[in-house]
Amino acid sequence: MGSGGTGAGRAAAAQVVAATAVDAYPRIVAALIRITGDWTLAEDCAQEALARALDRWPVDGVPANPGGWLMTVARNRLLDLLRRASVEKRKLRDLAVLALTAATTEPAEEEVVDDRLRLIFTCCHPALALEARVALTLRTICAVPTADIARVFLVSESTMTRRLTRAKAKIADARIRYQVPCGAALTERLPGVLAVLYLLFTQGYDADGEPAFADEAIRLARLLVRLMPEQSEALALLALFLLQHSRHAARRDPNGDLVPLGRQDRSRWDRAAIAEGVRLLGGLSQHGPYAWQARIAACHATASRVEETDWRRIAECYDQLVRLQPTPVVALNRAVAHGYAYGPAVGLALLAEARAGGALDDYPPALAVEADLVARQGDRERAAALFRAAATRTPNAAERRALLDRASSG
């Protein structure tokens with residue numbers, strides 16, 4: 001693609017750089033962290049390689065192996081920095097220089113796999129706060145700009161930069177090992193990794209979320225499945241993401257307002273994503289929490305009309321899920337499912353059980369569920385009041401408008 005640096009050529013090269021970075025950036029960072037143990041240095045060299053590509057590719061053309069080109073440039077930059085390091089640091093980094101000097105070829109596939117898994121498990125280490133794990137995953141594995149991460153977490157860019165720096169420092173200070181656990185330790189740690197991906201997806205799927213984060217969560221879930229195909233809950237989580245995200249094009253109307261599931265135009269749902277999610281579910285050998293959530297999502301996604309939704313099957317899935325995750329929110333959703341499967345009176349009885357501990361007091365979705373069940377019993381006036389009460393407690397403007405619409409429409 002010898003473009004001579006024209007505007008069109010630069011734009012085309014920038015697209016190739018962006019596409020290559022999605023896969024190459026975390027591989028480069030992971031490999032350089034393994035060699036040096038220095039997160040910031042690894043990220044700086046990877047970013048410099050990307051900047052060099054934007055500068056050179058429009059002039060020289062895109063190389064035959066873009067990812068390999070980026071890896072070589074980043075590795076050479078790191079080698080140059082290490083060779084010019086202070087005497088004190090050089091002694092600590094002699095082995096890294098030797099490793100980089102010897103690395104004249106692309107690493108073997110199994111080494112790339114190990115590097116990326118190490119990076120994922122290190123970013124998601126339980127010693128870090130959950131928010132720090134999500135932010136570090138976005139920055140290091142997904143190469144999401146710090147400013148975008150800060151916006152989602154409602155903090156300034158400088159604050160998020162400090163949080164990321166502290167997270168990296170904690171990894172170093174606590175001597176968190178850059179490795180994938182094995183045996184019982186893997187069984188213990190994997191749910192934490194999946195929980196980070198789940199929260200990342202939620203950050204993108206929620207009404208006020210960053211849509212690109214849902215895409216990143218799906219990409220990372222695909223990567224995890226490719227690297228650990230024997231882990232059923234990783235497969236289940238990917239299936240859940242695909243089935244949920246299949247509806248994203250129909251979730252808002254032209255004005256940007258949320259469209260309830262029952263009113264969505266199902267012709268706009270992503271049928272390929274639904275088919276893939278269902279196929280993944282069919283291959284599961286175990287039945288963990290994400291598997292049951294995915295089956296629930298599949299019941300909704302495969303119903304061609306809202307009237308054909310298999311609410312009894314959904315209720316059965318929630319019965320299983322609440323045994324594995326006896327949380328108030330799961331109990332709330334179970335009340336919804338049973339309310340549609342067996343009538344609003346049953347749903348209200350289960351809602352009362354879910355509220356018994358007080359955890360759902362003033363929780364907007366709980367008020368909305370009660371409003372819906374009461375409306376289906378025929379008490380429109382009380383239902384409207386409950387929908388309005390839920391709206392006053394909901395911080396998200398789109399959700400608030402949807403609840404007020406339910407209050408006025410009956």
>> Return the CZ to NE2 distance between Arg268 and His248, rounded to the nearest 0.5 Å.
In response: 9.0 Å
>> Checking Thr159 against Arg162: is there a side-chain donor and acceptor pair closer than 3.5 Å?
In response: yes
> Taking atom OG of Ser232 and atom CG of Leu280, what is their separation to the nearest 0.5 Å?
Replying inline: 11.0 Å
>> To the closest 0.5 Å, what do you measure between OG1 (Thr72) and CZ (Arg77)?
In response: 15.5 Å
> How many angstroms lie between atom CG of Leu367 and atom CG of Asp361, to the nearest 0.5 angstrom?
Replying inline: 9.5 Å
> Quick one: do the His338 and Asp319 side chains pair a donor with an acceptor below 3.5 Å?
Replying inline: yes
> Should the pair Arg222-Glu276 be classified as a salt bridge under the 4.0 Å nitrogen-to-oxygen rule?
Replying inline: yes
> Once the angle between the rings of Trp69 and Trp57 is folded into 0 to 90°, is it parallel (under 30°), tilted (30 to 60°) or perpendicular (over 60°)?
Replying inline: perpendicular
>> With a 6.0 Å cut-off on the ring centroids, do Phe241 and His245 count as close?
In response: no
> Tell me, do Pro344 and Val374 make a side-chain contact under 4.5 Å, heavy atoms counted?
Replying inline: no
>> Salt bridge check, Arg263 against Asp405: does any charged N sit closer than 4.0 Å to a carboxylate O?
In response: yes
>> When you compare the side chain of Asn333 with that of Val330, does any pair of heavy atoms fall below 4.5 Å?
In response: no
>> With side chain to side chain donor-acceptor pair (under 3.5 Å) as the criterion, how do His300 and Arg247 come out once you've worked through the C-alpha distance, each side chain's angles and the decisive distance to 0.1 Å?
In response: CA-CA 10 Å; His300 289 296; Arg247 305 196 298 264; 5.9 Å; no
> Heavy-atom distance under 4.5 Å between the side chains of Leu119 and Trp39, does that happen here?
Replying inline: yes
>> One thing to verify: whether Arg406 and Asp372 come together as a salt bridge, which I'm taking to mean a side-chain N less than 4.0 angstrom from a carboxylate O.
In response: yes
>> Side chains of Gln264 and Trp269 only: does a donor on one sit below 3.5 Å from an acceptor on the other?
In response: yes
> Is there a side-chain contact between Pro145 and Glu157 (heavy atoms, below 4.5 Å)?
Replying inline: no
> Is it true that Asp257 and Arg252 make a salt bridge, defined as a side-chain N closer than 4.0 Å to a carboxylate O?
Replying inline: no
>> Looking at Arg166, I'd like to know if its CZ atom is crowded, meaning that more than 12 non-hydrogen atoms belonging to other residues, nucleotides or ligands lie closer than 6.0 Å.
In response: yes
> To the nearest 0.5 Å, what is the distance between CZ (Arg388) and CZ (Arg393)?
Replying inline: 12.5 Å
> How far does OG1 of Thr137 sit from CG of Leu199, to the nearest 0.5 angstrom?
Replying inline: 10.0 Å
> Who passes salt bridge (Lys or Arg N to Asp or Glu O under 4.0 Å) against Arg271, sequence neighbours left out?
Replying inline: none
> Is Arg52 paired with Glu48 through a side-chain N to carboxylate O contact shorter than 4.0 Å?
Replying inline: yes
> Taking the side chain as C-beta and beyond, is there a heavy-atom pair between Thr309 and Ile314 under 4.5 Å?
Replying inline: yes
>> My understanding is that only residues two or more places apart in sequence, or in another chain, count here; which of them pass side-chain contact (heavy atoms from CB on, under 4.5 Å) with Ala371?
In response: Leu386, Phe387
> Does some side-chain heavy atom of Leu321 sit less than 4.5 Å from a side-chain heavy atom of Arg334?
Replying inline: no
> Which is it for Arg355 and Tyr363 under the side chain to side chain contact (heavy atoms under 4.5 Å, CB included) test, yes or no, and what are the steps along the way?
Replying inline: CA-CA 10 Å; Arg355 281 174 158 169; Tyr363 181 54; over 6 Å; no
>> Thr140: which residues meet the side chain to side chain donor-acceptor pair (under 3.5 Å) condition with it, sequence neighbours left out?
In response: Glu43
>> Is the positively charged end of Arg313 above the ring of Tyr318, judged by distance under 6.0 angstrom from the centroid and angle within 45° of the axis?
In response: no
